[in-house]
There are 2 protein chains.
Amino acid sequence: MNIGEIARRAGVSRSTVSYAISGKRTVSEATRRRIQHVIDELDYRPNANARALKEGRTRTIGLVIPPASRRLTDMQLDFVAAVVDAAAHADLDVLLSPSGGDHDRSFERVVTGRRVDGVILMEIRLEDARVGRLQQAGLPFVGIGRTSHPDGMWWVDIDYTALIAKCVNHLADLGHRHVALINRSAELVAAGYGPAHRALAGFKEAIRRRGITGVDYCCADDSAAGEACLQQILREHPEVTAAATINEAALPGIQRALESAGLTVPGDFSVTGVAASHWAENFRPQLTAADVPALDMGAHAVSLLTECISDPDAAPKHLLLTPPISLRGSTGPARR
Amino acid sequence: MNIGEIARRAGVSRSTVSYAISGKRTVSEATRRRIQHVIDELDYRPNANARALKEGRTRTIGLVIPPASRRLTDMQLDFVAAVVDAAAHADLDVLLSPSGGDHDRSFERVVTGRRVDGVILMEIRLEDARVGRLQQAGLPFVGIGRTSHPDGMWWVDIDYTALIAKCVNHLADLGHRHVALINRSAELVAAGYGPAHRALAGFKEAIRRRGITGVDYCCADDSAAGEACLQQILREHPEVTAAATINEAALPGIQRALESAGLTVPGDFSVTGVAASHWAENFRPQLTAADVPALDMGAHAVSLLTECISDPDAAPKHLLLTPPISLRGSTGPARR
DNA sequence: TCGATTCGTCGAATCGGTTCGACAACGCGG
DNA sequence: CCGCGTTGTCGAACCGATTCGACGAATCGA
């Protein structure tokens, strides 16, 4: 079932079979048909490894995801799905590599094994050794997120700074004078996770601009932590009348804490932030929030990657998305 | 940066370098060290495609997931994560292929391109053309789930029949005489999705055994559908005092419908079923449910796959899991 | 009718590894 | 000192494709 077998049965040379398949040289209609017939009969498909070896490219992209042990957020999952889908449409295969630490075998294999033509790197931290590793290896890659100095790299990111600022402005417009930010987990912040840092920066800046007061809390990515976190906020800062969050997994807990404190939304307390649409829609009333366009991001990342694979010396491009905030029911005028 | 370059710099032949790396023949300590030194210096790693070509195996497994367009359930996601993790531990790479229809290019590439040594096939339907395709291609594979005649194949599955029967028995023991099954979506049932069919079979059988009455409903995989579904049940069958479900995404909606109907859990209405732990824990009170051991399943699937790759003629093995039901707070005696 | 194109096909080289058979150097027992 | 087994290394074949240069046959213009 290799190309030689096809050639033998069709009574031609191996190169003729190759040209008949690729169309890179003219082959007479008669032999083309004869070859195609044998191919169909034997259900032949060229060996991808042999082809990759000779051509020097694999038609495969690597997708480096956070380690499986840490539960992926819904946004990240949407993103993975979008990348896989977009890649499939471009006839690219996707090699998955779970990688968290800066040195693990799976990542090394992807980087140095010449198994992929390029890489999409998720969950980039402000300082990320993997970026350097990829650059050093000369492997084209697109980051989801960006380091603190992203000038030399290709990336797609969401402007958390602007989004959280928008949320704060929205709350301030509604008369809230004391607001809270419910951030991602302390570990992620300590690890230099970009969205957490940038959201915090946007929060502080917006607070300052609007002359209101703000408190910020880290919160693990689960509903129990969200519940505890909001309870803590209510206890330590009873003046707070609204919260913004980028921690979607905390939302059910936030909801429960508000309910058990006897606070109605949005009458007594407003909630807003950034969340995948299905979390926003599961909140009651539905959450006024920026919908992360994970599907678009995935598609964009793939198309940027194909671009920088085909022209590695091109000037790096990037895409900073600021999705609009959908006004649903969870924000309202501050209680007096 | 190929093996010839290493050989040249170390002053040995290419084969010696290969043997020094693989250890398949003895190499003197002195040359081994010299070669290793050059390798470290140049950060050399053998080309995975060339190796795969010669060795006839790729050290890569394919993971065929439902198409990205359809949102994966949390259980499926846990499962993907588990497979990726287990594969990484076994130094295997994972090639992802989204495939739903029986004929798409991505799946065909995986099956016929000799890019993978074996495949893990998710979301198998009772009649699944992909199973036949894989068997015909002679590619080792392990199914997550099983067809209606799974004798010739390797698989790992959850015994939904037994689980739902257990749930019904539990409810019957608590005195419930009228129970409902909230199944997955009608489309999945129509497509012959195994868990949906087997859960229904288990439900009907258990109902009959215990001499109680049961109604079953299909429900799309989202909370809005769950809410609508439970409302419909309450309206059409007000005698029902308990529900079992395998539709975790419907749980928040079920909760909301119960709340807005003024029913308390478990005082007025009991809920149980099969759900990933985080859905069960987000229910209030927490859901009495079978926790799907997705992580174990993933690990088992990978280890079965490596086994059937190394010995394709072995008698097929399989694993039918019946996880225990964790008693939490969402079930109680039937209301009078 | 002859030389120049064009067309279709072939053989051989190549990609970067692995692996088999051969063989020289060496140590050892008799 | 000879024959033998062991050890370390090498050269060459091979995996399955792609691709380049060459070449015979058909076609064309002059």
Side-chain angles (χ1 to χ4, degrees), chain A residues 1-36 38-39 42-60 91 93 109 111-117 137-139, chain B residues 1-36 38-39 42-60 91 93 109 111-117 137-139:
Chain A
M1 59 291 259
N2 58 17
I3 200 173
E5 178 75 9
I6 307 296
R8 223 171 36 72
R9 298 208 189 201
V12 296
S13 74
R14 302 190 308 148
S15 47
T16 303
V17 176
S18 179
Y19 287 127
I21 293 173
S22 68
K24 294 190 180 174
R25 278 198 190 174
T26 52
V27 170
S28 77
E29 183 57 22
T31 46
R32 205 198 57 69
R33 259 214 287 274
R34 205 164 66 247
I35 290 171
Q36 189 59 50
V38 177
I39 288 177
L42 269 63
D43 195 23
Y44 163 79
R45 216 87 43 178
N47 181 311
N49 288 304
R51 182 192 296 229
L53 175 59
K54 182 64 171 106
E55 285 191 330
R57 60 176 186 149
T58 59
R59 301 162 195 269
T60 303
D91 273 338
D93 286 323
R109 274 203 306 273
V111 174
T112 59
R114 273 90 123 225
R115 293 174 136 282
V116 299
D117 298 334
L139 194 62
Chain B
M1 58 285 264
N2 59 17
I3 201 173
E5 178 75 9
I6 307 295
R8 222 170 38 70
R9 298 209 189 201
V12 296
S13 74
R14 301 192 307 147
S15 47
T16 303
V17 175
S18 179
Y19 287 126
I21 293 174
S22 69
K24 294 192 178 172
R25 277 198 189 174
T26 51
V27 170
S28 76
E29 183 57 22
T31 45
R32 203 197 57 69
R33 259 213 288 275
R34 206 164 65 246
I35 291 170
Q36 189 59 51
V38 176
I39 288 177
L42 270 63
D43 194 24
Y44 164 78
R45 216 87 44 177
N47 181 312
N49 288 304
R51 181 193 298 232
L53 176 58
K54 178 63 172 130
E55 286 190 330
R57 62 179 183 143
T58 58
R59 301 162 197 269
T60 303
D91 273 338
D93 287 322
R109 274 203 307 272
V111 173
T112 58
R114 272 90 123 225
R115 296 174 134 282
V116 299
D117 299 333
L139 193 60

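Note that the structure is a prediction, hence the values are computed from the model and not measured. Note on naming: letters A, B, ... go to the chains in the order of the sequence lines (proteins, then strands), and numbering restarts at 1 for each one.
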Participant: Quick one: is A/N47 getting a side-chain N or O under 4.0 Å of the D/dG16 phosphate, OP1 or OP2?
Facilitator: no

Participant: At what distance, to the nearest 0.5 angstrom, does CD1 of B/I21 lie from OG1 of B/T16?
Facilitator: 11.0 Å

Participant: Given atom CZ of B/R33 and atom C1' of D/dG8, what is their separation to the nearest angstrom?
Facilitator: 16 Å

Participant: Check whether any side-chain nitrogen or oxygen of B/Y19 sits under 4.0 Å from OP1 or OP2 of C/dC20, and answer yes or no.
Facilitator: no

Participant: Using five pairs at each end of the helix from C/dT1-D/dA30 to C/dG30-D/dC1 to define an axis, what is the angle between those two axes, to 10°?
Facilitator: 50°

Participant: What distance separates A/R14 CZ from A/E5 CD, expressed to the nearest 0.5 Å?
Facilitator: 12.5 Å

Participant: Measure from CZ on B/R14 to C1' on C/dC20 and round the result to the nearest Å.
Facilitator: 14 Å

Participant: Could you tell me how far apart A/R115 (CZ) and C/dG17 (P) are, to the nearest whole angstrom?
Facilitator: 13 Å

Participant: Send over the distance from A/E55 CD to D/dC20 P, rounded to a whole Å.
Facilitator: 12 Å

Participant: Atom CZ of B/R25 to atom P of C/dC23: distance rounded to whole Å?
Facilitator: 14 Å

Participant: What's the spacing between B/R45 CZ and B/R51 CZ if we round to 0.5 Å?
Facilitator: 11.0 Å

Participant: Over all strands shown, is B/G113 touching base, sugar-phosphate only, or nothing at heavy-atom distances under 4.0 angstrom?
Facilitator: nothing

Participant: Pick the nucleotide of DNA chain D nearest each of A/S15 and A/N49; which residue has the one closer to the 5' end?
Facilitator: A/N49

Participant: Side-chain N or O of B/T26 less than 4.0 angstrom from OP1 or OP2 on D/dG8?
Facilitator: yes

Participant: Determine whether the side chains of B/T58 and A/R115 contain a donor N or O and an acceptor N or O closer than 3.5 Å.
Facilitator: no

Participant: Without decimals, in angstroms, what is the distance between A/R32 CZ and C/dC7 P?
Facilitator: 17 Å

Participant: Provide, to the nearest angstrom, the distance between the CZ atom belonging to B/R34 and the P atom belonging to D/dG8.
Facilitator: 14 Å

Participant: At their closest point, which heavy atom of B/R109 faces which heavy atom of A/D93, and how far apart are they?
Facilitator: NH2-OD1, 3.0 Å

Participant: Restricting to non-hydrogen atoms, name the atom on A/M1 and the atom on A/Y44 that form the minimum distance, rounded to 0.1 Å.
Facilitator: O-CD1, 3.3 Å

Participant: Is it true that the side chains of A/S15 and A/S18 contain a donor and an acceptor less than 3.5 Å apart?
Facilitator: no

Participant: With a 3.5 Å distance limit and no angle check, can you tell me whether A/R34 reaches the backbone of A/A10 through a side-chain donor-acceptor pair?
Facilitator: yes

Participant: On DNA chain D, compare the nucleotides closest to B/K54 and B/T16; which residue's is nearer the 5' end?
Facilitator: B/T16

Participant: Strictly below 4.0 Å: does B/S22 bring a side-chain N or O up to OP1 or OP2 of C/dT18?
Facilitator: no

Participant: Does D/dA17 have OP1 or OP2 sitting under 4.0 Å from an N or O in the side chain of A/S18?
Facilitator: no

Participant: Nearest whole Å is fine: how far is C/dG17 P from B/R45 CZ?
Facilitator: 12 Å

Participant: Which is more 5' along DNA chain C, the nucleotide nearest B/L53 or the one nearest B/K24? Just name the residue.
Facilitator: B/L53

Participant: OP1 or OP2 of C/dC7 versus the side-chain N and O atoms of A/S28: is any pair under 4.0 Å?
Facilitator: no

